[in-house]
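Letters go in sequence order (proteins before strands), and every chain restarts at 1.
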There are 2 protein chains.
Amino acid sequence: MAMDTDTAQRQVLDAADGLFYERGVQAVGMDAIRTASGVSLKRLYQLFPSKDALIEAYLDRRDALWKSMLADHVDAATDPRERILAVFDFLDDWFRQRDFRGCAFINSFGELGTVSPRVAELAMQHKEGFRQALTELSKAAGAADPERLADHLILLSEGAITRSAISGSPDPALRAREAAVLLLDATLPRD
Amino acid sequence: MAMDTDTAQRQVLDAADGLFYERGVQAVGMDAIRTASGVSLKRLYQLFPSKDALIEAYLDRRDALWKSMLADHVDAATDPRERILAVFDFLDDWFRQRDFRGCAFINSFGELGTVSPRVAELAMQHKEGFRQALTELSKAAGAADPERLADHLILLSEGAITRSAISGSPDPALRAREAAVLLLDATLPRD
DNA sequence: ACTCTAGGAGAACGATGGTTCTCCGCGCAA
DNA sequence: TTGCGCGGAGAACCATCGTTCTCCTAGAGT
């Protein structure tokens with residue numbers, strides 16, 4: 001009758017993801033997660049020894065999921081320039097999801113950045129991973145200064161994320177893509 | 001001996017600004033504001049009937065202050081193109097402030113956006129004000145499509161704000177300025 | 001001097017949060 | 001069958017929060 005450990009863990013993480021992302025980490029109590037997951041408080045606390053641990057697991061999973069969604073979009077293209085632009089198609093897809101609420105890492109950092117070094121660190125690592133991905137793509141596209149191009153593309157992406165979250169419209173993804181085209185035209189060697 | 005209403009109000013807003021901005025709105029209790037401001041709870045509640053009202057006043061004041069700091073930087077330049085780039089000099093100044101913690105509106109939106117329509121509205125209005133300022137600057141610089149240029153510049157700015165907040169470095173302002181130069185070169189008519 | 005009232009300090013109140021504990025039932029080893 | 005231990009439901013506990021209330025002091029008007 002006892003639900004096995006793996007599915008219990010998954011259900012807790014599913015519930016945490018939905019609630020934390022929608023309402024913010026501080027606004028969601030452990031009781032809400034217990035109700036949404038159907039996993040008792042006792043079990044919940046033996047799977048995750050504290051709310052902080054659960055928040056960390058939530059962010060870890062988001063990071064992995066996000067990276068894999070990004071990779072799926074990028075890998076659907078072969079031309080190096082198209083692979084860069086695929087990043088913005090990915091953003092467009094993401095922004096169109098009904099539950100889109102901005103970047104979980106930015107949101108969590110805003111809530112806990114000053115008080116939880118762990119959350120601050122996870123946010124930095126997540127963003128650093130994105131930066132490295134963009135640097136690779138820029139290198140593959142033949143940019144003379146791939147790190148710089150990556151930085152410019154990140155700014156457009158992050159800007160699109162927060163603008164889309166606040167405005168509630170997916171448009172910023174298109175605007176960011178346009179701007180990226182201009183930047184690529186100005187930066188990459190002609191072909 | 002009673003402190004007059006204006007100074008009490010100012011002290012409360014000063015304290016609220018410091019605490020809300022540093023730790024986030026939810027993490028700061030009214031008691032902390034009372035201690036930091038030196039204004040008794042009773043008086044505090046007759047100045048601001050609820051914490052929500054205080055949050056709103058805090059955001060209102062941030063909006064006004066931010067706009068005037070931006071205007072100061074922009075108005076220090078006369079050449080239309082320089083006036084656009086002054087936006088990024090403003091960001092650089094801002095990011096270098098020791099207490100810089102990102103955009104108060106983005107942070108508050110992340111915390112309360114789904115639960116407080118008022119905060120969501122204030123965040124939208126703040127960003128819309130920025131958008132209009134950039135649209136005016138783009139128009140003055142002779143852009144063929146000033147709204148589009150403004151959108152592109154906003155993405156760079158917002159991206160720089162969140163990246164600087166998370167990385168703790170002011171660098172993103174410089175990167176955003178570089179990218180803005182590339183965009184202006186690609187967008188504005190030659191002179 | 002005697003009210004009268006605004007304001008300060010802080011207790012009080014009811015709600016909610018994270019975390020732990022109690023009690024109970026159930027499946028399994030001997 | 002008899003313990004035994006895991007897990008479920010939810011109460012319990014202690015802290016904190018937003019908000020209000022009580023009590024008291026001190027100054028202003030008469």
Checklist entry - Under 4.0 Å: is that the gap between some side-chain N or O of B/Arg43 and OP1 or OP2 of C/dA6? => result no

[X] [atom1] to [N] [atom2]: how many Å, rounded?
{"X": "A/Leu54", "N": "C/dG17", "atom1": "CG", "atom2": "P", "answer": "15 Å"}
{"X": "B/Leu112", "N": "D/dG18", "atom1": "CG", "atom2": "P", "answer": "12 Å"}
{"X": "B/Leu44", "N": "C/dG10", "atom1": "CG", "atom2": "C1'", "answer": "14 Å"}
{"X": "B/Ile33", "N": "D/dG18", "atom1": "CD1", "atom2": "C1'", "answer": "11 Å"}
{"X": "A/Met30", "N": "D/dG10", "atom1": "CE", "atom2": "C1'", "answer": "16 Å"}
{"X": "B/Asp31", "N": "D/dT19", "atom1": "CG", "atom2": "P", "answer": "13 Å"}
{"X": "A/Gln46", "N": "C/dT20", "atom1": "CD", "atom2": "P", "answer": "12 Å"}

Checklist entry - Does the base of C/dG18 carry an N or O that pairs as donor and acceptor with the side chain of A/Arg34 under 3.5 Å? => result no

Next on the checklist: Starting the side chain at C-beta, find the nucleotide from C/dG10, D/dC17, C/dG8 nearest to B/Lys51.
Outcome noted: D/dC17

Checklist entry - Between D/dT19, D/dG8, C/dG8, which nucleotide gets closest to the side-chain atoms of B/Ser40? => result C/dG8

Checklist entry - Does A/Tyr21 reach the main-chain N or O of A/Phe100 with its side chain, forming a donor-acceptor pair under 3.5 Å? => result no

Checklist entry - Counting distance only, does the side-chain N/O of A/Gln26 pair as donor-acceptor with the main-chain N or O of B/Gln26 below 3.5 Å? => result no

Item to check | Matching residue for A/Leu70 among A/Asp75, A/Val87, A/Leu91, A/Leu65 - test: side-chain contact (heavy atoms from CB on, under 4.5 Å) | outcome: A/Val87

Checklist entry - Is the number of heavy atoms from other residues, nucleotides or ligands within 6.0 Å of CE (B/Met124) greater than 12? => result no

Item to check | Strand contacts (DNA chain D) in residues 12-28 of chain A, 4.0 angstrom heavy-atom criterion | outcome: none

If a pair satisfies ring pair (Phe, Tyr, Trp, His ring centres under 6.0 Å) and one of its residues is in [range], list it, with sequence neighbours excluded.
{"range": "residues 28-61 of chain A", "result": "A/Phe20-A/Tyr58"}
{"range": "residues 147-181 of chain B", "result": "none"}
{"range": "residues 123-145 of chain A", "result": "A/Trp66-A/His126, A/Trp66-A/Phe130, A/Phe105-A/His126"}

Item to check | Salt-bridge present (A/Arg10, A/Asp17; N to O < 4.0 Å) | outcome: no

For nucleotides 20-24 of chain D, which of its nitrogen or oxygen atoms have a protein nitrogen or oxygen under 3.5 Å away, and what is each distance?
none

Let me check something: any side-chain donor-acceptor pairs from residues 154-163 of chain A under 3.5 Å, sequence neighbours excluded? List them with distances.
{"from": "A/Ser157", "atom 1": "OG", "to": "A/Leu153", "atom 2": "O", "distance (Å)": "2.9"}
{"from": "A/Glu158", "atom 1": "OE1", "to": "A/Lys127", "atom 2": "NZ", "distance (Å)": "3.0"}
{"from": "A/Thr162", "atom 1": "OG1", "to": "A/Gly159", "atom 2": "O", "distance (Å)": "3.3"}

